[in-house]
Amino acid sequence: MSLRPCRVEVSTGALEENFRFLRSLVSPDAELMAVVKADAYGHSLSLCAPALARAGASWLGVTSVEEGVAARARCPHSQILVMGGLFAGQGAACIEHRLAPAIWEHWQIDELEAAASSFGAKPQSVAVHLEIDTGMSRQGVAIGDPAPGALPLLLKRFTDESPLLLDGAMTHLFAADEADGALTDQQLRRFDAALGLIEASGNRAQWLSVGNSATILSGQAEPIVARATRYGMKALLRPGLALYGVTPRFSPEDPAPVKAARDRLRPVLAWKTRVTSVRAIAVGTLVGYNGTFVATEPMRVALLAAGYADGLDRRLSNGFSLLVRGERAPIVGRISMDQVVVDVTEIPGVEPGDEGVLLGRQSGETITAYDHADATGTIPWEVFTRIGSRVPRIAVRTDGTADASSS
Ligand SMILES: *Cc1c(COP(=O)(O)O)cnc(C)c1O
């Protein structure tokens, strides 16, 4: 059966190139964890995770145990970190599928220990990454006031007999896209304090896991790699967005290396559909729900198979353009659940079956994730992850033809 034409094309070749480029920006002493949470930022975990493993990613980062199980099915040899931590009842799945969860609560350790004993796991055989809250107040064990004893107490749980292995220490930088780096410096100083306590407890974690796309692109990875060396650990940086070809925007402005990287990274995703039908409308004709658009002249409008249920934000109604025949076609009227109408009066020859591009390139014109994000008051991360789950993701070669390995 052929499919409804609304689809996402994924260039796994571009993804692999982006991974290798990011790899080239950091010291050979460090490793990169490819972040593939949320179905690889909407790009399809099952297409992207194997491609990233092929490109040399030894670690994959997912949000949940469920995502970890899906990644494990595709990547039998990768190390997989469950960055969102494990929930009650998920210890057994972590062990069975060899997923390393981020942990920072005693009950998470209880959960894993109970599962490990039911599996008869050997001492120090279940890897976990201990998350430190260095200032984001989201995940991780707090360090310093008001609970200075919290981290030492957690560290006491990693005894020689415990089935758990403290494989990594991690934290998340929440302002790596701020060019002055002051908040990041503060976070790294707190992380130092935590690493000191870990060392003092006699534990030896292998991985020092810090840093996102902004960290790598702006050249801030060096202090992290240096810290890892100082503690006899290995730096593990965790890029997400940049893998998919988009650079974070820095405030107040992009540092020079970020601008240079923007030209090197290649977009991975193109979101496309087709024209279903074309009609001529007379002056005074209403378009779409509640007639929010009224034709003030004779027009030609084209119906495209894509709507807000596919992730095309309804706030783009009457205020954004899509591409048809390499030209910008303004959205007219309200975006429907499954369809959208565009003005093609100025674009000659549009007919049913023509390709429409919602995000990506057509001839010389491009619509970027930032175009969508700016028009709806959000960020590219959300634009990608809101593309609907009913939209099939199809692997394409760099030249845009279907890839035989597509699924
Ligand atoms: C999402 C995420 C990343 C990747 O962030 P990007 O800004 O997309 O590079 C890294 N680490 C953690 C813990 C995350 O949740």
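As the structure lists them, so they are numbered: ligands from 1, and atoms in each ligand from 1.
No side-chain donor-acceptor contact under 3.5 Å links Asp338 and Ser336. In summary, the side chains of Arg334 and Asn290 do present a donor paired with an acceptor at a separation below 3.5 Å, with no hydrogens or angles considered.
A heavy-atom distance below 4.5 Å is found between the side chains of His106 and Leu153.
In this structure, Arg138 fails the cation-pi test against Phe174, since its NZ or CZ atom is not both closer than 6.0 Å to the six-membered ring centre and inside 45 degrees of the ring normal.
Residues satisfying the side chain to side chain contact (heavy atoms under 4.5 Å, CB included) criterion with Glu365, sequence neighbours excluded, are Leu323, Arg328.
Aromatic ring pairs are classed by plane angle as parallel below 30°, tilted from 30° to 60° and perpendicular above 60°; the pair His43 and Tyr244 is tilted.
Within 4.0 Å of ligand 1, counting heavy atoms only, the contacting residues are Val35, Lys37, Tyr41, Met83, Arg138, His172, Asn212, Ser213, Arg238, Pro239, Gly240, Leu241, Trp381.
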